[in-house]
There are 2 protein chains.
Amino acid sequence: MFMVSRWEPNARERLVEAALALYVEHGFEQTTVVEIAKRAGLAERTFFRYFTDKREVLFSGAELLEELLVEALRTVPDSVAPIDAVARALNTSARIFEERRDFAIRRQSVIAANRELQERELIKLASLSSALAKGLRARGTDELAADLVANAGIAVFKIAFERWIASGGTDDLAHLFDKCFAELKVVTGEGD
Amino acid sequence: MFMVSRWEPNARERLVEAALALYVEHGFEQTTVVEIAKRAGLAERTFFRYFTDKREVLFSGAELLEELLVEALRTVPDSVAPIDAVARALNTSARIFEERRDFAIRRQSVIAANRELQERELIKLASLSSALAKGLRARGTDELAADLVANAGIAVFKIAFERWIASGGTDDLAHLFDKCFAELKVVTGEGD
DNA sequence: TACACTGATGTCAGCGACTGCCATCGCACT
DNA sequence: AGTGCGATGGCAGTCGCTGACATCAGTGTA
């Protein structure tokens, strides 16, 4: 049935695009939700039906990433050491970002310029970490080790991603993950 | 000179105490800045002269901690491996928390109950991490290693602190730091 | 003594984020 | 025709936060 809906479709996507464009153009703080909604052809009230707040519009993809990583972790044989299992899970996600390189770069430039957005990003990463820790526990890793490995894995993710963005998305993200994991093993292996 | 000031002294501390008490009693969201100010015998406007926002009142000690850790790191001989240098710096700070055990516990219970506060805590930890990384670079550690070690160190701090709070402050925080660093070396040392 | 100066505070108006409540109105189903 | 559903709009109100200006005790100075 070809039916002409009462409203334009993809309201959510339109809001994300409108928000990102305005954030890039005028900055996050200088952009009001009314402006975003207007640009998407909607009312302010509707924005808040799709996103809990003005920041969330840039982070709605995080749940997807979390599910992806948890699922990837589940498929790694239990015989693989926790840290390597997390490394493999992260590598699985590299494609996703490389496929949306331009979006990722624009988005990250906005986040880098605003502290509130950095806060939101950090809590999303923390949520990722706790999901990974849960996944590790399900594989038999003990509590403390799971927390440590998950947090270290997220640290690697953050640092590698940062460098990938800094390269303009030209570096190979999966290789950066590997490089960081390798370096992590080196720097935690020395000493006492 | 004994002079009777026009206003009660320690406005800042009064605001912190009033805020913490109200956050504990009614929760963070349910508490308005007007209430905090009133309880401290001040006006709302004055609150915002001392703290940039409603959350910051629980995090004003963070700069102090950052300075302490950076200074502690500076005093560790360059011959000590980066990860161990960070471990020593963290151990230096254990006393501080144990001396304010009750305050730390009340504060943490409020933070645990509110997402916005967790965001603020995470960005303070990230700031700590970047300060440590800078300190490591000053000791000759290269960029990537410094970032990794600093982030790993902060992860340890977070995890150990979490467990210390969970113990009601009865565990020895410095020992928890050591235990986490030791475990970190184990879990990153296995595998490929 | 008089007077200007400072610094911590108060008052007030106003913006923007966010919420609750109710209205609208195509569409589907009966 | 009637009834309910779902996505949206409109509106009023609260609260976080800011800028501009007023207040006034104490300090220094002519």
| field | Interface residues of residues 108-126 of chain A with DNA chain D (non-hydrogen, below 4.0 angstrom) | value | none

| Among A:K124, A:R55, A:R115, whose salt bridge (charged side-chain N to carboxylate O under 4.0 Å, His left out) with B:E119 holds? | A:R55

| query | Which heavy atom in A:A133 sits nearest to a heavy atom in A:A150, and how many Å separate them? | reply | N-CB, 3.6 Å

| In whole angstrom, what separates A:R12's CZ from D:dA7's P? | 12 Å

| Going 5' to 3' along nucleotides 7-20 of chain C, which nucleotides have protein heavy atoms under 4.0 Å from the base (write B), which only from the sugar-phosphate (write S), and which from neither (write -)? | BBBBB-----SBBB

| said: Do A:V57 and A:Y23 have side chains that approach each other closer than 4.5 Å (heavy atoms only, starting at C-beta)? | reply: yes

| message | Could you check whether any side-chain N or O of A:S93 sits under 3.5 Å from a backbone N or O of A:A89, counting only pairs where one atom can act as donor and the other as acceptor? | response | no

| query | Between D:dG16 atom P and B:L22 atom CG, what is the distance in whole Å? | reply | 12 Å

| task | Look at the aromatic rings of B:F47 and B:F51 and report parallel, tilted or perpendicular, splitting at 30° and 60°. | result | tilted

| said: Check this for me: does any side-chain nitrogen of one of B:D171 and B:K179 sit under 4.0 Å from a carboxylate oxygen of the other? | reply: no

| said: Is the positively charged end of B:R107 above the ring of B:F59, judged by distance under 6.0 angstrom from the centroid and angle within 45° of the axis? | reply: yes

| message | Looking at every non-hydrogen atom in both residues, tell me the closest pair between A:E66 and A:S127 and how far apart they are. | response | OE1-OG, 2.8 Å

| request: Tell me whether B:W164 is reachable from B:I105 by hopping between hydrophobic residues (I, L, V, M, F, W, Y) whose side-chain heavy atoms are closer than 4.5 Å. | output: yes

| field | Distance-only donor-acceptor check, side chains A:Q30 and A:E35, under 3.5 Å | value | no

| note | Overall bend of the helix from C:dT1-D:dA30 to C:dT30-D:dA1 (five pairs an end, 10° steps) is 10°

